[in-house]
Structures are given as structure tokens and as C-alpha cells.
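Computed over heavy atoms, backbone and side chain alike; hydrogens, waters and symmetry mates excluded. Start at 1 and go down the list; that is how both ligands and their atoms are numbered. Since this is a predicted model, take the numbers as computed values, not measurements.
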Amino acid sequence: MFDTALKPVHPIDLRTYLVADLATIGDGDVVRIVDEAVAGGATTVQIRGKLLSDAELLRVVTAVADRVDGRATLLVNDRVDVYLAAREAGAAVHGLHIGQSDGGPLEVRERIGAHAVLGLSAAKPEELAAAAALRPGVLDYLGVGAVRATPTKPDAPTPLGWEGLARAVAQAGPLPCVAIGGVGFGDAAEARAAGASGLAVVRAICSADDPRAAARELRDEWDRERIPNVLSIAGSDPSGGAGIQADLKSIQATGGYGMAAVTALTAQNTRGVSGVHTPPAEFLTSQLDAISNDVRIDAVKIGMLANAEVIQAVTEWIAALSPKPAVVLDPVMIATSGDRLLDADASRALDGLIALADVVTPNLPELAALLGADTASSWDEALGQARELASRHGVLVLAKGGHLDGDTAPDALVSAGGVVASFESPRIATTNTHGTGCSLSSALATIYARTGRGADAWTWSARLAHEWIHGAILAADALEVGSGSGPLDHAYATRAGLAAPRRDAELDAWWGDVLPIVEGIYGDDFVASLGDGTLDLARFETYIAQDSVYLFAYSDLLARAAELSADPAEKAFWRASSEAAVATEMELHRSRGAGERVPASPETEAYVAHLERAGGEHAVLIAALLPCFWIYEQVGLTLASKNHAGHPYGDWLSTYGSPEFTESTRQAIELVQRAAHRADRATLTRMREAFTLSSRHERAFFAQA
Ligand SMILES: Nc1ncnc2c1ncn2[C@@H]1O[C@H](COP(=O)(O)OP(=O)(O)OP(=O)(O)O)[C@@H](O)[C@H]1O
Ligand SMILES: Cc1ncc(CO)c(N)n1
Ligand SMILES: [Mg+2]
């Protein structure tokens, strides 16, 4: 028997929400359809029977509840009496979903008690604001739509579209929202980008020949974070610091399933390479065929290739793959020890393989060798060479500055058009950097395969890979491997988790949560046209006027973060950020002659209200403040390459694409990360929710213009 008095332990799972609409199902077998859908992965089921009498609906609900028996959240549409009667009868039914006209949520909540689930349909700004203003515990979620015009809800107001959904989700405040109305297969990415917590479908499952397969497909699409299968094609380094050994550790550490085909065997340790044995290239082809004949390959990382025959074998095998996986080529030529790992005459053969890669990750000597040029002596020179290589092969180049001296270790993602994004971090004073390049390229391939979608996926993946490798190098000195240039600690995040709950991966996970929302921001025409300068000036001024209102409130909240900070250095950072926010705002608006302050829009009000709500608790407040740094920095970095003299919005692009803003973002990330280390589980959950909510508000803020 299912105890409906107990609220589901976890918040309601809206990911794959089936509306079993009896009018659509007609004389189909609703119990079978629901049972199949739940078996396929439907997480919540709503029984809707507009034309049935209470008695008829009760019979259906009871029958479905008996079959589902708590394997999914079961809700009744509209009919409070039917829900209460079913619960009285001990049926496994959790609650209700009501419309705007079905009596207010407060009365319904009174009648069904605190533990039942209650969802409400909402779409218009006033409906959303009213729902968000209710005290916690009245509503559990909102059904927001119709996203598209749909025959099953002919009386719905004009469709929201995806940007309308994003605005609605932001105005819903802390309430999770399920997107409904004309949505189905292929919509998960957009719905996630809008900040929704799931997709509600009618026909996609009710009218499917195979409801289980339909539900499974919707669920898999929503859970897009598959574990990617990543294949390393590289050499063996028995000391474990580089080659396939490092690749497998890196792939696993960054969320993939690692496989490896061996191109060459080296006799190697932390002091150098004492021998190389390269089996016949035909045997490599046998290894590769064994994999591609059996395993879905999501990404390939190519490392040491040894000679021209091996390069040819790999080129032919990659060219024949269909569908083509993401390909990262680490052009390994010289080991950290200086020993050659690629025959001198083989560099030319590499050109054919580079053309098949998505990203090439040369260090400075390799970059020069690929161009037949001298090794760059400065970072700017290296960037020029990277751009040359990118345009020659139509490939992205992740130029690595590890070999430079100086107090930072810069990396940069470069395309034929120039620098797409750069990632600076302090150079770590250690000699244990054996295999950093192998590890970085494997991490990049894996993170891309795990999270990559859309135009800037390589940028985010490169950023996450860069942050991951930084942690692995920082942790290297704790290892005791060899007397030369030692390896990294690829397992640092997991190892740390074993000892004390270090949560470096925590913010990676938070960023993963909001990645789709950030992608949505890139997809909105406001940001795209801001970047290429075609944005209508009036729209930009609307945005800037609201930004002025927001920055004033935001600077107060940064000052509050300073007050709440215990650590003097942290206090100083938030206070400086508060002053910078006002200064930025004054500068941007003064230079544009913005008039007096305009009243706050609903989006601005909702965002500031959210930050105010977070303002009581230091850790939650700084988590809520972080997206304004991090998302603006990402947008700024991504648009930076579109900046030029005379760009109509060059001031905005320069502000948010500047190294100073990147540095303050990095500091803000570190401070929130530190607070996350100290937080207990409940606080961490509140921090993560605040971070996600702010990200939604960021998207709505851009979209309002
Ligand atoms: N001392 C350091 N401090 C911080 N980051 C570093 C340091 N050395 C290397 N890195 C980073 O490690 C990554 C690999 O860069 P590097 O130039 O070492 O590649 P590589 O020479 O191909 O490495 P290897 O050939 O040993 O695998 C880059 O992201 C770089 O910024
Ligand atoms: C096998 C192998 N591949 C790559 C490198 C590059 O570091 C290395 N040292 N050894
Ligand atoms: Mg290397």
C-alpha cells in the first residue's frame, strides 16, 4: 500500500511528464499506456478526463494507480473530490494539477493537506507573479505553456515560444516549471535552455504505437548527460603519466568511459624515453576496427602516432567512421623530456589527419613544427601561429602556453577568425608536468562529448578542461612518482572526495546545470546581434536602462556580501566588486548619455527580488551573485573576438571581455567554491538552487529587450 500522506522525499521529478488525456486516448487502454510509459521512464503522470463524471474518472484513476503503484508521481487533473476519494481508498495517487479557473491554490492546498503534490497551470505574467508570491509549500510546480500552438489546448493564449518560456520560468521564482503545449521529441535542449525542469507531453506518448519507447526516447533526450564512450589512439607510457595511461585516467576523471588503441610502445619514465617499439600499422587498424565494429564512439583523442604509416592508418579509419565522433588531435612530437615521439618525416603526413580533427592541441614547439616555422617566443606570436594553423586546416586550435615562462600559463582557443576564448591561470611552481598535454586533450574530448551542444560548446569544454587540468597539476606534488618530471594527479577530485568533501567538481556540476540556459542566451538574437553589432540601438538602450536599475541594486547586494564575509580578503573583493559595479554602470551610462533612472521591469524586479531573498545567508547570497560574473564573462569572452574599432557596442564588449573581468570572475568562482567546501548538504542545495535561479533570471534579463 502506498502511503500518500508522505510527500515524495525528493522534489517532484518533472523530467518526463505524461498527461494521460482521456479524450486523446479515446477507447485506448489508458492503464496499459500509462504502465508502458512509466516503464519507459515517465517520471510524472497526470490523468485528465474533462468529459468524464467524477465516478468514471475515479475508476480510471484507481485502476491506473493500482498498476503504477508509486513507480511514478500520479496526479489527478482538476478534480479535488476524485483525488480525495482515491486517496481515501488507499490508491497510490500523489496529488493534483489544477488550472487557473479551478479555485485558488490556497483553498485546494487547505483541502488536500500539506503532503499532497499540487501543480498549477500558469502562463501570463500576473499568473506567474501570483504563483511565485505564494508562501512555500502551497505549490510544488507550475505547468507553463503552451509553448507552441497545440490542438489539445485550443483555448490556450498565444503560444509562448522558447524565449517566452525562459521569461516565464524566471518569473516563476523558486517554483520548478514543466514546459507544456505542442512540445515533444527534439525539444529537451531548448526546454533546458529556458530553465524548465521537464517536458509535459500528450500525443507524443498517448498517440504513440509504442508508449514505452516514446517515453524512453523523451527521457534519454532529457538526460542528455550520457556517459560518453571516448577512444584514445595513442602510445603507451609505462610510467602512467602520459600516453594511453594518462588518457584513460583523464577520461574517467572527467566523466567518460575510456577505451584505448595502442599506436606504439615506449620504454619511458619521468626522466625520459629510452626506447620506442612501433608494431605494424595493420595491427593498429585491427584494434580500431574491433572497437568501431562493436562500440558507439562519442569522441576520439589522438596522441602519439610515431610514424607516417600509423598516421595513414588512423586517417583512413577516422575518415570511414559514421557518424563521425568529435576528434581532438594532440600532435605529440616531443615528450616533456625532449625525446622525439614522431619520426621527423612524418609531420607532413599529419596534415591529412588534422583536416579530420575538430580541435588540435599543440604546445608551442609543436605549433611551430606544424607550420614549419620557428617556435614562438611570445604568446602573441603563438596566437598568430595558431590562427595560421586554424585557417590552413579549417580546425580549432587550442594553443597551450605551458612552455612559456612568466607567471601565468595561458591557453587559447583560436579559429581562423582569431582568438575565440582564452583561459589564463597562475603558473604553478612544480616540475611535475609530465603528460599535461595528453591529459588536457583527453579531458577536452570527454567534456565536449558529455556536455557539448551548440555553437560555443568547444569554448565551455575548453574552459572546464583547463580548470580540471589546473587542479590535477596543483595536486601533482602529493604523488611520489620518479625523480624526474613527475605526472599529474588525475584522480585529485575523487581522491579529495574520499578524504574531505572537496567540491571542485561541485561548481563544474552547477555550471553543467546552467550550460543549457547559457546556450539559450547565446541563441537569443539580442546577444547574437549585440556581438555582430546589428542590434537595434533602441533595444540596446532599453537593456542598458534596465541594467542601470539592476546594477544599483546588485552593487548593494555585493556590499552586503562584503558585510557578511568573515575573511578580510573576501570582504575586500566583494566591496571592490560593489564599487566596480557602480563605476561600470556610471561609465557605460554616462558615455551613452542615458537619462534618469527608469522604473524596474518585471524581469529586473524578479531578479532583484530573488537576490534579496538570498541576501540573508552569506553562502547562498554569493552563489546567487555568481552568475552575473560568470555568465557575463562567458558572453564577454565569446563575443570578444567580434569586437573591433568602431563597433557600435564596443564599450560593452570590452568591459565584459576584458582580462580584468575574467580575473574578478575567477576570484568570485573561487570564493563560492570555498564556501561550497564548507557548506553542509542542505546549504549546498540552497546555494546550487540560488545559482541556477540567478542564471534563469540572467536569461530573462537579456530576453526582455
Ligand atoms: N606549470 C604550469 N602551471 C599551470 N598550468 C600548466 C603548467 N604547465 C602546463 N600547464 C597547462 O597544462 C596544459 C598542457 O600544456 P603543456 O604546454 O604542458 O602541453 P604539453 O607540452 O603538450 O604537455 P605534455 O607534452 O607533457 O603532455 C595547458 O593547459 C597548460 O596551460
Ligand atoms: C606515449 C607518450 N605519448 C605522449 C607523450 C607526450 O607527453 C609521452 N611522453 N608519451
Ligand atoms: Mg604534449
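Looking only at distances, no side-chain donor or acceptor of Asn363 sits under 3.5 Å from a matching main-chain atom of Lys400. The backbone N or O of Ala416 sits nowhere less than 3.5 Å from a side-chain atom of Glu388 that would complete a donor-acceptor pair. Side chain of Ser274 to main chain of Ala267: a donor-acceptor pair is present (N/O by atom type, distance under 3.5 Å, no hydrogens or angles). A distance-only check finds no donor-acceptor pair linking the side chain of Ser250 to the backbone of Ser442 [under 3.5 Å]. Gln245 places a side-chain N or O within donor-acceptor distance of the main-chain N or O of Asp237, the cut-off being under 3.5 Å. Side chain of Asp358 to main chain of Val327: a donor-acceptor pair is present (N/O by atom type, distance under 3.5 Å, no hydrogens or angles).
By the 30° and 60° cut-offs, the orientation of the rings of His470 relative to His466 is parallel. A parallel orientation is assigned to the rings of Phe702 and Tyr632, their planes being inclined by less than 30° (bins at 30° and 60°). Ring geometry, Trp574 versus Phe629: the interplanar angle exceeds 60°, so the pair is classed perpendicular (tilted spans 30 to 60°). Ring pair Tyr448/Trp458 is parallel by interplanar angle, where below 30° counts as parallel and above 60° as perpendicular.
Within the listing of ligand 2, atoms 1 (C), 2 (C), 3 (N) sit less than 4.0 angstrom from a heavy atom of Gly243. Against a heavy-atom cut-off of under 4.0 Å, Cys438 is close to the following atoms of ligand 1: 27 (O). Of all atoms in ligand 2, listed by their number and element, those nearer than 4.0 Å to a heavy atom of His434 are 9 (N). Each of the atoms 1 (N), 3 (N) of ligand 1 lies under 4.0 Å from some heavy atom of Arg427. Of all atoms in ligand 2, numbered sequentially from 1 with element shown, those under 4.0 Å from a heavy atom of Gly235 are 1 (C). The Ala409 neighbourhood of ligand 1 comprises atoms 4 (C), 5 (N), 6 (C), 31 (O), with distances under 4.0 Å to a heavy atom of that residue. Close contacts between ligand 2 and Ala242 involve ligand atoms 5 (C), 7 (O), 8 (C), 9 (N), 10 (N) [criterion: under 4.0 Å to a heavy atom]. Atoms of ligand 1 found under 4.0 Å from any heavy atom of Asp411, numbered from 1 in the order shown, are 28 (C), 29 (O), 30 (C), 31 (O). Close contacts of ligand 2 with Met304, meaning ligand atoms under 4.0 Å from a residue heavy atom, involve 1 (C), 3 (N). Close approach of ligand 1 to Thr433 is summarised as follows: ligand atoms under 4.0 Å from at least one heavy atom of the residue are 8 (N), 26 (O).
For the residue pair His618 and Glu570, a side-chain donor N or O sits within less than 3.5 Å of a side-chain acceptor on the partner. For Asn432 and Ser485, the side-chain atoms include no donor-acceptor pair closer than 3.5 Å. Side chains of Asp477 and Thr430: a donor on one and an acceptor on the other come within 3.5 Å. Between the side chains of Glu282 and Ser286, no donor-acceptor pair of N or O atoms lies under 3.5 Å. In this structure, a donor-acceptor pair under 3.5 Å is absent between the side chains of Asp567 and Ser565.
Checked against a 3.5 angstrom limit, the closest N/O atoms of His434 and ligand 1 fall outside it. Backbone and side-chain nitrogen or oxygen atoms of Asp330 are examined, and none is located within less than 3.5 angstrom of a nitrogen or oxygen of ligand 1. The distance criterion of under 3.5 Å between nitrogen or oxygen atoms is not met by Asp237 with respect to ligand 2. When only interatomic distances are considered, the shortest N/O to N/O separation between Leu440 and ligand 1 does not fall below 3.5 Å. For Gly437, a nitrogen or oxygen atom sits less than 3.5 Å from a nitrogen or oxygen atom of ligand 1, counting backbone and side chain alike. Taking only nitrogen or oxygen atoms, main chain and side chain alike, Asn363 reaches within less than 3.5 Å of ligand 1.
Only the side chain of Ile473 comes within 4.0 Å of ligand 1, counting heavy atoms alone; its backbone N, CA, C and O stay farther away. In Leu341, the part holding a heavy atom less than 4.0 Å from any atom of ligand 2 is the side chain. At a heavy-atom cutoff of 4.0 Å, ligand 2 is contacted by the side chain of Cys438 but not by its backbone. At a heavy-atom distance under 4.0 Å, atoms from both the backbone and the side chain of Ile428 approach ligand 1.
Within the structure, ligand 2 lacks Ala234 among the residues with a heavy atom less than 4.0 angstrom away. In this structure, Ser236 counts as a contact residue of ligand 2, since one of its heavy atoms falls inside 4.0 Å of the ligand. Not a single heavy atom of Ala242 sits less than 4.0 Å from an atom of ligand 1. Under a 4.0 Å heavy-atom criterion, Gly401 is not in contact with ligand 1. Not a single heavy atom of Thr430 lies less than 4.0 angstrom from ligand 1.
Comparing Thr436, Leu341, Leu444, Asn432 by heavy-atom distance to atom 14 (C) of ligand 1, the nearest is Thr436.
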